[in-house]
Amino acid sequence: MASSELKLRALEPDDIDLLYLWENSPEMWRYGYSQAPLSRQQIWTYIREYDSNPLSAGQLRLMIDAVDTTVGAVDLYDVDVLNRRAMVGIMIAGTHRRKGYASRALSIVGEYCRDNLGLFQLGAMVGADNEPSLELFKKAGFLETALLRSWFRCGTRYCDVVVFQRFLNGIINA
């Protein structure tokens, strides 16, 4: 899956060091679902046993490559074959942010979901205080459809979450 100098690709064993760094960054824990460090062995096992069929596994992780470097990852999760939808999350490594990689990756993954997986829509949950991600999803054609109050635990307090949807065929009620 490619768009000019950007491509999405499957996980490779060589990705262990990057995943280890990203998954163990407390900065990333705030907006993710993991709050504990992962070992290299856990990541190796994850890559080795990874089922890359999102329709049966219910998830898909793709690495985002720009020219000759990996700049981030995009995840499809809660893939629902019956209702033809999935949730999407994206992470761009710090030094590669604000260069347009995330919006291009969301465009590519949207086309892939529509054309190859037959999905009707993608959803995303973004911390209400995560201004860069809120801006990203709006720019990528996602509609803000709900606000979930106190949805994520953020240390000793709770944070609101904005729910986004993107209809991949452009039609809301098909």
Side-chain angles (χ1 to χ4, degrees), residues 1-25 27-97 99-126 133 136-137 140-142 161 163-170 174:
M1 289 174 267
S3 170
S4 64
E5 82 280 355
L6 192 77
K7 72 174 185 174
L8 304 183
R9 63 168 176 80
L11 286 169
E12 296 289 348
D14 291 346
D15 294 321
I16 287 175
D17 290 334
L18 275 178
L19 291 175
Y20 180 80
L21 179 70
W22 295 341
E23 295 288 349
N24 289 308
S25 169
E27 172 191 357
M28 296 299 154
W29 292 347
R30 176 151 192 230
Y31 298 111
Y33 291 94
S34 176
Q35 301 255 324
L38 295 175
S39 70
R40 276 187 165 70
Q41 179 62 43
Q42 287 171 307
I43 295 169
W44 170 251
T45 300
Y46 170 73
I47 291 173
R48 190 182 68 236
E49 295 177 1
Y50 185 72
D51 178 354
S52 64
N53 181 346
L55 300 179
S56 62
Q59 65 178 351
L60 178 66
R61 173 166 282 186
L62 297 166
M63 304 303 282
I64 305 168
D65 285 351
V67 187
D68 61 354
T69 189
T70 302
V71 299
V74 63
D75 291 320
L76 293 176
Y77 63 98
D78 292 343
V79 176
D80 181 336
V81 177
L82 177 64
N83 294 296
R84 297 176 43 218
R85 66 179 177 232
M87 299 299 286
V88 64
I90 192 162
M91 190 286 306
I92 301 295
T95 58
H96 301 291
R97 292 182 185 151
K99 296 181 181 176
Y101 297 135
S103 59
R104 288 199 308 269
L106 285 174
S107 177
I108 295 167
V109 82
E111 290 171 12
Y112 170 75
C113 288
R114 181 193 64 221
D115 298 344
N116 297 86
L117 301 181
L119 298 184
F120 171 68
Q121 68 177 297
L122 292 175
M125 297 177 71
V126 178
S133 287
L136 164 67
F137 280 95
F142 284 71
V161 167
V163 178
F164 286 95
Q165 290 175 274
R166 179 168 172 226
F167 300 91
L168 300 174
N169 63 1

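Just so it is clear, the structure is predicted and the values come from calculations on it, not from any experiment. We use all heavy atoms of the structure for the numbers below, so side chains are in, but hydrogens, waters and symmetry mates are not.
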State the [atom1]-[atom2] distance between [X] and [Y], to the nearest 0.5 angstrom.
| X | Y | atom1 | atom2 | answer |
| --- | --- | --- | --- | --- |
| I43 | L11 | CD1 | CG | 10.5 Å |
| F164 | S133 | CZ | OG | 9.0 Å |
| Q59 | Y77 | CD | OH | 11.5 Å |
| I92 | T70 | CD1 | OG1 | 10.5 Å |
| R61 | Y46 | CZ | OH | 4.5 Å |
| Q165 | F120 | CD | CZ | 9.0 Å |

Start with the C-alpha distance between L60 and Y112, add both sets of side-chain angles, then the distance that settles side-chain contact (heavy atoms from CB on, under 4.5 Å), and finish with yes or no. CA-CA 12 Å; L60 178 66; Y112 170 75; 3.8 Å; yes

For residues [X] and [Y], report the shortest heavy-atom separation together with the two atoms involved.
| X | Y | answer |
| --- | --- | --- |
| L119 | R85 | CD2-N, 3.8 Å |
| L38 | Q42 | CA-OE1, 3.2 Å |
| D51 | S56 | OD2-OG, 3.3 Å |
| C113 | L122 | SG-CD2, 4.0 Å |
| Y101 | E5 | CE2-OE2, 4.4 Å |
| R104 | K99 | NH1-O, 3.9 Å |

Within the distance-only criterion (no hydrogens, no angle test), does the side chain of R114 pair as donor or acceptor with the backbone N or O of N169 below 3.5 angstrom?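 Between the backbone of N169 and the side chain of R114 there is no qualifying donor-acceptor contact (under 3.5 Å).
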
Expected output: side-chain S107 to main-chain S103 donor-acceptor under 3.5 Å: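 Side chain of S107 to backbone of S103, a donor-acceptor pair under 3.5 Å: no, none is there.
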
Side chains of L19 and M63, heavy atoms from C-beta outward: is any pair under 4.5 Å?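 Of all side-chain heavy-atom pairs linking M63 with L19, at least one is under 4.5 Å.
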
Side-chain heavy atoms of V88 within contact of F137, under 4.5 Å: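 V88 reaches F137 side chain to side chain.
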
T69 vs H96, side-chain contact (heavy atoms from CB on, under 4.5 Å): CA-CA, chis, key distance, verdict: CA-CA 10 Å; T69 189; H96 301 291; 4.1 Å; yes

Which one of L62, D75, L136 satisfies the side chain to side chain contact (heavy atoms under 4.5 Å, CB included) criterion with I90?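 Only one of L62, D75, L136 forms a side chain to side chain contact (heavy atoms under 4.5 Å, CB included) with I90, namely L136.
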
One pair to check against side-chain contact (heavy atoms from CB on, under 4.5 Å): R9 and D15. What are the steps and the verdict? CA-CA 11 Å; R9 63 168 176 80; D15 294 321; 2.7 Å; yes

Cationic tip of R40 above Y20 ring, under 6.0 Å, 45° of axis: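 Yes, cation above the ring, under 6.0 Å and within 45°.
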
